[in-house]
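Please read the structure below before turning to the comments.
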Amino acid sequence: MINRFFSHTELKTDNGSTRLDQDNIPSHIAIIMDGNGRWAKNKGLPRVAGHREGMKVVTNIVEKANEIGVRYLTLYAFSTENWKRPEKEVEFLMKLPERFLEKELPNLQKNNVKVRTIGDTSLLPRNTVRAVEKAVEETADNTGLVLNFALNYGGRHELVEMVKVLGEDIAEGTVNPEDITENLLSERLLTQGLPDPDLLIRTSGEIRLSNFMLWQLAYSEFWFTEVLWPDFKDEDLVEAVKEYQQRKRRYGGV
Ligand code: V07
C-alpha cells in the first residue's frame, strides 16, 4: 500500500507502527498524575513509595514531551484537596519539589526548560517555596518547553481569587463591567500567558476533572487511561498524542 495516496489513513513507519504527525502536536498537554498510592498498595509498599516512583516518571515524561515538540506541559502535583491526606504523606509530598529540583534542575537548564507554577504556593513549607522560586528564577530566560507545576492548585479557588480582584478593580473604577470579555478573564487567571491545554491526560482510571483547570479545559480533548502514574511510559504519552491527532485530523488541511 502506498501511503501518500491515502493521506487520510494513519501515517505508517517502516515497522508498521503509527507515527506522530509533526504538524499536529498538541502545544499544551496537562496531566493529572493519579494512581501513585494504588501502585504502592498493589505492591505492598507504603503510599510514599508510589509518590517517589511517580517523581521518576515526571523526569521521563518531561523529556519525551520535549522530544516530540510539546511547548507547554502542566502537571497536577498537589491539589488544594490533598491537604486532607495523612500528615506524614503530606509532609513527604512537600519535600518532593525540592528533591526533584535538586536532581533535575541542571538537566532542565541544559534542555532550555522554563519552570513555572500555578497554585497558592504561599501555604507550602518555606524550603519548598524557596526551591521552587529558585528554579523559576533560574530558568526564567529559557525559551524551550514550559514546565508548569500545579502546586496547591484548585480550579474553583483560582476563579474565586480572580473574581475578588476583579471586583475590587470594578469598585475602584479601573475596570468597566462592559469591558469584561473571555480574554480579560483568561488574562487574570494563574495561567496568564499560557495557551489553554489542547489535551488533558488523566491516569489511573478516574474519569473526572477533580477541580483541575476548570476554565482552561473548556475546549480540550480528554484522554483517560487505566495505567497508574508510576507505570506511565513514553509510549503511553505517544499513544495519547496519536489519539489526539485522530480526533483533530485535518482533512485536506482545513
Ligand atoms: C510530586 C510526584 C509525581 C506524581 C504526583 C504526586 C507526587 C514533581 C514535583 C515538583 C513540583 C514542583 C516543582 C518541581 C517538582 C512534585 C509534588 C508531588 C507535591 F517545582 N513531582 N511531584 N511535587 N509527586
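We count ligands from 1, going down the list as the structure has it; atoms in each ligand are counted the same way. We count residues from 1, following the sequence as given. Both backbone and side-chain heavy atoms feed into the values below; hydrogens, waters and symmetry mates do not.
L93 O, 3.4 Å is the protein heavy atom nearest to atom 19 (C) of ligand 1. What sits closest to atom 16 (C) of ligand 1 on the protein, heavy atoms only, is A77 CB, 3.8 Å. The protein atom (non-hydrogen) at minimum distance from atom 1 (C) of ligand 1 is L96 CD1, 3.6 Å.
Using a 4.0 Å cut-off to heavy atoms of V132, the atoms of ligand 1 that qualify are 20 (F). Near V58, meaning under 4.0 Å from one of its heavy atoms, ligand 1 places the atoms 3 (C). Heavy-atom proximity to F100, at under 4.0 Å, picks out these atoms of ligand 1: 14 (C), 15 (C). Numbered from 1 in the order shown, with element, the atoms of ligand 1 that lie under 4.0 Å from a heavy atom of W229 read 4 (C). For ligand 1, the atoms sitting less than 4.0 Å from at least one non-hydrogen atom of G54 are 2 (C), 3 (C), numbered in the order shown with element in parentheses. For ligand 1 and F149, the ligand atoms under 4.0 Å from any heavy atom of the residue are 8 (C), 9 (C), 10 (C), 11 (C), 12 (C), 13 (C), 14 (C), 15 (C), 20 (F).
Going from atom CG of L105 over to atom NZ of K134 covers 5.5 Å, rounded to the nearest 0.5 Å. Expressed to the nearest 0.5 Å, how far CD1 of I29 lies from CZ of R71 amounts to 13.0 Å.
Evaluation of the salt bridge (Lys or Arg N to Asp or Glu O under 4.0 Å) test over residues 205-221, restricted to residues two or more places apart or in two chains, returns R38-E206, E206-R208, E221-R247.
Within the 4.0 Å heavy-atom criterion, the part of L151 lying near ligand 1 is the side chain and not the backbone. Only the side chain of N36 comes within 4.0 Å of ligand 1, counting heavy atoms alone; its backbone N, CA, C and O stay farther away. Contacts between L101 and ligand 1 below 4.0 angstrom, taking non-hydrogen atoms only, involve the side chain exclusively.
Side-chain contact between L166 and L185 is present, with heavy atoms from C-beta onward closer than 4.5 Å. A 4.5 Å side-chain heavy-atom check between W223 and T225 finds at least one atom pair inside the cut-off.
Side-chain atoms of S220 and D198 include no donor-acceptor pair closer than 3.5 Å. Residues N142 and Q109 bring a donor and an acceptor atom of their side chains to less than 3.5 Å of each other.
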Test salt bridge (charged side-chain N to carboxylate O under 4.0 Å, His left out) on D21 and K248; report intermediate values, then the result.
CA-CA 11 Å; D21 172 3; K248 289 267 170 179; over 6 Å; no

